[in-house]
Amino acid sequence: MDMKWEKVIVHASPLFGLPIIVPLLFYFLSRHEEVKRLSIQALLFQFIMTVLIIVSSLLSIILIGIPFLIIFGLMIIIVPIIGIVTAIQDTHWEYPIVKRWV
């Protein structure tokens, strides 16, 4: 499989409800280091966003977390779409928040 389409599939996995399984599969099965790095970034991004959504949900009880809940919910949808577009254009892109961790 072409590396470009591997990156598209990794980016699209959260939109199809598989944000953990698909990046793990591509991490273990891909021969390209860039795809492996992107898979780890995708996993970390989804984990961090899940934690942030849980915390903002708990804070929404006192109305402080509602704006954060909206922002983080939109980020879970918008960031993978940006990744898909950049992967189709075959340009280098890294996930925000976790790009320097990996």
When you compare the side chain of Phe28 with that of Leu24, does any pair of heavy atoms fall below 4.5 Å? yes
Listing request: all side chain to side chain donor-acceptor pair (under 3.5 Å) pairs with a residue in residues 39-54, at least two apart in sequence or in separate chains. none
Could you pull out the closest heavy-atom pair between Ile97 and Met75, with the gap in Å? CD1-CE, 4.1 Å
According to a hydrophobic-cluster definition based on side-chain heavy atoms being under 4.5 Å apart (Ile, Leu, Val, Met, Phe, Trp, Tyr only), do Phe47 and Phe16 belong together? no
Closest approach of Glu6 to Ser30 (non-hydrogen atoms, all atoms of both residues): OE1-OG, 2.9 Å
In a table with atom names and distances, give each donor-acceptor pair under 3.5 Å that connects a side chain of residues 61-71 to protein atoms at least two apart or in another chain.
none

I want to check something: taking the side chain as every heavy atom from C-beta on, are Ile21 and Ser13 in contact at a cut-off of under 4.5 Å? no
How close do Val22 and Val10 get, heavy atom to heavy atom, and via which atoms? CG1-CA, 4.5 Å
Would you say Val85 and Leu38 are hydrophobically clustered, going by side-chain heavy atoms of ILVMFWY under 4.5 Å? no
Identify whether Ile54 and Ile20 are in the same connected component of the hydrophobic contact network (ILVMFWY, side-chain heavy atoms under 4.5 Å). no
Side chain to side chain contact (heavy atoms under 4.5 Å, CB included) for Ile53 and Ile76? Distances and angles first, verdict last. CA-CA 10 Å; Ile53 286 177; Ile76 277 187; 3.4 Å; yes
Chi angles and distances behind the side chain to side chain contact (heavy atoms under 4.5 Å, CB included) call for Leu52, Met49: CA-CA 5 Å; Leu52 290 174; Met49 294 310 294; 4.2 Å; yes
Would you say Leu18 and Ile9 are hydrophobically clustered, going by side-chain heavy atoms of ILVMFWY under 4.5 Å? yes
Between Pro19 and Phe45, is there a side-chain heavy-atom distance shorter than 4.5 Å? no
Nearest 0.5 angstrom please: Phe26 CZ to Arg31 CZ, how far? 12.0 Å
Stepwise side chain to side chain contact (heavy atoms under 4.5 Å, CB included) test for Lys7 and Glu34: CA-CA 9 Å; Lys7 293 190 297 187; Glu34 187 174 348; 3.2 Å; yes
Answer whether the closest heavy-atom distance between the side chains of Leu43 and Val98 falls below 4.5 Å. no
Does any pair with a residue in residues 86-95 pass side chain to side chain donor-acceptor pair (under 3.5 Å), and if so which ones, sequence neighbours excluded? His11-Tyr95, Arg37-Glu94, His92-Glu94
Just wondering, are more than 12 heavy atoms of other shown residues or ligands nearer than 6.0 Å to CG in Leu74? yes
